[in-house]
Amino acid sequence: MWKVRTSATAIVVCFGLTATPAAAEGLEDRDARRGTTAPTAAQQRAADALGATVRWNRFGTPQSLLARSGGLGDRVAAAGAPQAALRWVRAHREVFRLASIDGLRVEQSARLGGGHAVVMRQYFGRLPAGTDGVLTVGVNGSRAAGWQVLYASSSVTGDRALGGDRRLTPQE
């Protein structure tokens, strides 16, 4: 019996299979956000300047940016794909409704065909975005030739302060 319990504990620890307090109490996850925000005229102009086909998400930020031809803007000089993706987002932060990229952290960079997919997570202070808040940038190139951004996929919400009234009770 002890071996079985120890093995189960090892699996939980190794793979992070732990119940959240809400799940332990039988509470459901809830996303109470309502409504949509349209992109600003400045965001639309910035996306057009990139030569991008854009699909906007409900937060008024790009759900997808795809280069109509070539890449999204100029090549980026950087030591590697993650640095290039961050520099590109910094240069085009207005499109994503970001005042800075301080709230973005690279979570993963993976080779994808001849390029790289760089995945970033949006943080609010020290807290990661729980739902949404992911920005993936597809880059191709090298340190010597520079990096070309070909695609960006996003569910970031921008970094504006929250507004509106709270609608959940402590029990909810």
Side-chain angles (χ1 to χ4, degrees), residues 29-168:
D29 287 336
R30 185 176 296 204
D31 185 349
R33 298 174 294 181
R34 290 181 176 33
T36 60
T37 301
T40 65
Q43 283 177 280
Q44 291 175 341
R45 282 191 303 274
D48 285 343
L50 288 171
T53 298
V54 184
R55 187 176 346 146
W56 301 96
N57 66 27
R58 70 184 188 150
F59 308 113
T61 60
Q63 180 173 329
S64 69
L65 286 168
L66 179 62
R68 289 191 284 267
S69 66
L72 294 169
D74 296 330
R75 285 190 171 272
V76 179
Q83 296 86 354
L86 283 167
R87 284 185 182 171
W88 181 84
V89 173
R90 181 183 295 120
H92 303 288
R93 64 187 178 274
E94 182 177 25
V95 175
F96 297 96
R97 207 180 281 236
L98 297 170
S100 77
I101 63 165
D102 292 344
L104 293 176
R105 294 188 195 159
V106 173
E107 298 281 318
Q108 184 176 21
S109 178
R111 290 206 47 89
L112 185 63
H116 296 262
V118 180
V119 180
M120 298 171 234
R121 164 80 49 197
Q122 186 175 24
Y123 279 74
F124 300 97
R126 294 186 337 211
L127 299 173
T131 301
D132 305 309
V134 176
L135 173 58
T136 303
V137 178
V139 299
N140 192 13
S142 66
R143 179 179 187 166
W147 300 90
Q148 185 72 67
V149 173
L150 304 172
Y151 179 77
S153 172
S154 165
S155 62
V156 298
T157 60
D159 56 10
R160 297 180 311 164
L162 296 175
D165 297 325
R166 294 185 183 108
R167 293 198 172 108
L168 295 176

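Keep in mind that what you see is a predicted model, and the values were worked out from it rather than measured.
The line from OG1 of Thr53 to CZ of Arg68 is 5.0 Å long, rounded to the nearest 0.5 Å. One finds the CD atom of Gln63 at 7.0 Å from the OG atom of Ser153 (value rounded to the nearest 0.5 Å). If you take OG on Ser155 and CZ on Arg58, they are separated by 10.0 Å, rounding to the nearest 0.5 Å. Asp48 CG to Gln43 CD: the interatomic distance, rounded to the nearest 0.5 Å, is 12.0 Å. Remark: Arg45 CZ to Leu50 CG distance equals 13.5 Å, nearest 0.5 Å.
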Donor-acceptor pairs under 3.5 angstrom involving side-chain atoms of residues 106-118: please list them, not counting sequence neighbours.
residue, atom, partner, partner atom, Å
Glu107, OE2, Tyr123, OH, 3.4
Arg111, NH1, His116, NE2, 3.0

Validation: residues 72-83 side-chain donor-acceptor distances under 3.5 Å, sequence neighbours left out:
residue, atom, partner, partner atom, Å
Arg75, NH1, Gly146, O, 3.0
Gln83, OE1, Gly80, N, 3.2

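Contact record, Gln148 with Gly71: NE2-CA, 3.2 Å, taken as the closest heavy-atom pair. Here the closest heavy-atom approach between residue Leu65 and residue Tyr151 is recorded as O-CD1, 3.1 Å. Minimum heavy-atom separation, Thr157 to Phe124: OG1-CZ, 3.6 Å.
Arg87 places no side-chain N or O within 3.5 Å of a backbone atom of Ala84 that could act as its donor or acceptor partner. Within the 3.5 Å criterion, the main-chain N or O of Ala47 finds no donor-acceptor partner in the side chain of Glu94. In this structure a side-chain-to-backbone donor-acceptor pair under 3.5 Å is present from Thr61 to Val156.
With Gln122 as the fixed residue, the side chain to side chain contact (heavy atoms under 4.5 Å, CB included) test singles out one of Val134, Ile101, Leu127, Leu98: Leu98. Screening Val54, Leu135, Asn57 for a side chain to side chain contact (heavy atoms under 4.5 Å, CB included) with Pro62, the sole residue that qualifies is Val54.
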Chi angles and distances behind the side chain to side chain contact (heavy atoms under 4.5 Å, CB included) call for Leu104, Phe96 = CA-CA 12 Å; Leu104 293 176; Phe96 297 96; over 6 Å; no
From CA spacing to verdict: side chain to side chain contact (heavy atoms under 4.5 Å, CB included), Arg97, Phe59 | CA-CA 9 Å; Arg97 207 180 281 236; Phe59 308 113; over 6 Å; no
